[in-house]
Amino acid sequence: MGNLPPWLIGVLAGLASAILYAAASGGATPAIILAYIAPLPIFIAGLGWGTVMALIAGATGLVVMSVIAGLSSGVVYFAVVALAPVWLVRLALLSRAVGGRGASAAARAAKAREAHHRAVADGTRDGPPEEAPPPDVEWYPPGMLVAWTTAIAATLLVVSILSMAATDGGLRGAVVQMLNTGIVDTGELRRMLDGQGLAVSPSEFLEMVATFLPAMAGSMWLLMTLANMAIAQLIVDRSGNSLRPTPVFSQITYPQAFLMAFPVSLILGFLPGELGFAGLSLAALLFVPYFLLGLATIHAISRRWQARTAILIGFYLILIVVGSPVMLVGILGLVEAWMGLRDRYAGPPPDAD
């Protein structure tokens, strides 16, 4: 891609993203994964060639989806797939001089070099262009990127709940109706429950599913957005096009105000009605950053362990196959957030982890 102009890279990324999203619209379960990776090309364009290229990719996807499936589909694509990556890329590329404030240190250094070039060209300064030493730069913290991504997911979740508040049963009623039409009417759910020996009626089961499904969908969106950003950073870093250094995962931290959102939402979850449903859904969503913090803690503490790689591989296999340790990892993240386990037990920080 080194010979391509940056704007063309943005256009191609948007085209790829729109094709992935459109391919998933068929509704087949295996194809849905394509919708989750649709933001990946936008992240690659942004983290490798800048925020403007991410914006061009998102705009290209909007146009392509509008042509393929209509303007409303294009707008939905831009809101769900493109908007968050563009904003997150802009944040990820922010930097400043260590201990400084204001504009990016890299941007200020670039302006200084440009001013020097103009002065030499105008004859007001002699000599070759100065090559200033690279400034000590601190980049936008990865923990803040997680916090922003969570805030976007929480906003989408709250908007979904509020938009259905006036309907019968709210968002849960709409989900039950959607599932009921496709499953209960055919009797498949009744047979599945009987086969599992579960003493609940199909309607009761759907009520339970509808209670947790919006939070599960939001959590999946959050995890996949962060995964796409991490994979994109890995790709541009390995290809030599990264505009920022790859963050060290095991060192992520969150601001205190962000940490307070989970217990507040959990308290709201005890209230009746839609407010309690919103609080419970938000608490489930806000548990995801603690899960990531738990993983970061395990990575940090395990640096001192013998056969660390084999242990981590086994741990992730258990996590994927069994699933239930997810809750324990999240609780570990809660303990780390308030007690600082990494400060006490972590080994020396690596260059990347």
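- In the hydrophobic clustering of this structure, I33 groups with M220; members are Ile, Leu, Val, Met, Phe, Trp, Tyr whose side-chain heavy atoms approach within less than 4.5 Å, directly or through other members.
- The two atoms that bring A13 and A45 nearest to each other are CB-CB, 3.8 Å, heavy atoms only.
- Interatomic distance, OG1 of T60 versus CD1 of I56, reported as 7.0 Å (0.5 Å rounding).
- Side chain of Y290 to main chain of L259: a donor-acceptor pair is present (N/O by atom type, distance under 3.5 Å, no hydrogens or angles).
- Formation of a donor-acceptor pair under 3.5 Å by the Y254 side chain with backbone atoms of P289 is found in this model.
- I161 places a side-chain heavy atom less than 4.5 Å from the side chain of E274.
- Interatomic distance, M224 CE to I37 CD1, rounded to the nearest 0.5 Å: 7.5 Å.
- L20 contributes atom CG, which lies 6.0 Å from atom CG of L34 (distance to the nearest 0.5 angstrom).
- S265 pairs by the side-chain contact (heavy atoms from CB on, under 4.5 Å) definition with L282, A283, L286, not counting sequence neighbours.
- Distance alone, capped at 3.5 Å, places no donor-acceptor pair between the N241 side chain and the W49 backbone.
- By the 4.5 Å heavy-atom criterion applied to side chains, I235 and I231 are counted as neighbours.
- Between F262 and F287, the angle of the ring planes lies from 30° to 60°, which puts this pair in the tilted group.
- Sorted by first and then second residue, the side-chain hydrogen bond (donor to acceptor under 3.5 Å, both in side chains) pairs with a member in residues 147-166 read Y140-W148; sequence neighbours excluded.
- The cluster map of Ile, Leu, Val, Met, Phe, Trp and Tyr, joined by side-chain heavy atoms under 4.5 Å apart, puts V209 and L280 in different clusters.
- Atom CD1 in I42 sits 11.0 Å away from atom CG in L88 (nearest 0.5 Å).
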After noting the C-alpha distance and the side-chain angles of V64 and I19, does the key distance pass the side chain to side chain contact (heavy atoms under 4.5 Å, CB included) rule? CA-CA 8 Å; V64 172; I19 290 174; 5.6 Å; no
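- A 6.0 Å sphere centred on CZ of F78 holds more than 12 heavy atoms belonging to other residues, nucleotides or ligands.
- Here the CE-CG distance, from M53 to L12, works out to 12.0 Å after rounding to the nearest 0.5 Å.
- The two residues S66 and G74 come nearest to each other via the heavy atoms OG-CA, 3.6 Å.
- Residues passing the side-chain hydrogen bond (donor to acceptor under 3.5 Å, both in side chains) test with S17, sequence neighbours excluded: Y77.
- Here the closest non-hydrogen pair linking V137 and S95 is CG1-CB, 3.3 Å.
- Every residue two or more places apart in sequence or in another chain was checked for a salt bridge (Lys or Arg N to Asp or Glu O under 4.0 Å) with E207, and none qualifies.
- The ring pair (Phe, Tyr, Trp, His ring centres under 6.0 Å) pairs that include a residue from residues 306-344 are H299-Y316, where partners are two or more places apart or lie in different chains.
- Inter-residue side-chain proximity for M65 and L62 is flagged as unmet; no heavy-atom pair is nearer than 4.5 Å.
- Hydrophobic clustering, with ILVMFWY side chains joined whenever heavy atoms are under 4.5 angstrom apart, groups V329 together with L285.
- Follow the hydrophobic side-chain contacts under 4.5 Å out from L162 and you reach L171 in the same cluster.
- Around CE of M327, the count of heavy atoms belonging to other residues, nucleotides or ligands within 6.0 Å does not exceed 12.
- Annotation: the span from D237 atom CG to T246 atom OG1 amounts to 3.5 Å, rounded to 0.5 Å.
- Inter-residue side-chain proximity for T297 and V335 is flagged as unmet; no heavy-atom pair is nearer than 4.5 Å.
- In terms of heavy atoms, A22 sits closest to I68 at CB-CD1, 4.5 Å.
- The minimum heavy-atom distance between L243 and G46, with the atom names listed, is CD1-O, 4.0 Å.
- Residues V76 and Y21 are in side-chain contact: their nearest non-hydrogen atoms beyond the backbone lie under 4.5 Å apart.
- For the pair L312/W305, no side-chain contact is recorded, criterion being any heavy-atom separation below 4.5 Å from C-beta on.
- A salt bridge (charged side-chain N to carboxylate O under 4.0 Å, His left out) check over residues 48-68, counting only residues at least two apart or in different chains, returns nothing.
- Hydrophobic clustering (side-chain heavy atoms under 4.5 Å, transitive across Ile, Leu, Val, Met, Phe, Trp, Tyr) keeps L40 apart from L15.
- A donor-acceptor pair is defined here as one N or O able to donate and one able to accept, closer than 3.5 Å; no such pair exists between the side chain of Q233 and the backbone of L47.
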Assess the residue pair T225 and F43 against the criterion (side chain to side chain contact (heavy atoms under 4.5 Å, CB included)); give the C-alpha distance rounded to whole Å, side-chain angles, the decisive distance to 0.1 Å, and a yes or no. CA-CA 9 Å; T225 300; F43 275 122; 4.0 Å; yes
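- For the pair L226/L292, a side-chain contact is recorded, criterion being any heavy-atom separation below 4.5 Å from C-beta on.
- Side-chain atoms of R90 never come within 3.5 Å of backbone atoms of A54 as a donor-acceptor pair (strictly under, hydrogens ignored).
- Summarising the geometry of G50 relative to L93, their closest heavy-atom pair is CA-CD1, 3.9 Å, with the distance given to 0.1 Å.
- Residues V52 and W7 have side chains not in contact (no heavy-atom distance under 4.5 Å, counting atoms from C-beta outward).
- Looking only at distances, no side-chain donor or acceptor of E336 sits under 3.5 Å from a matching main-chain atom of G294.
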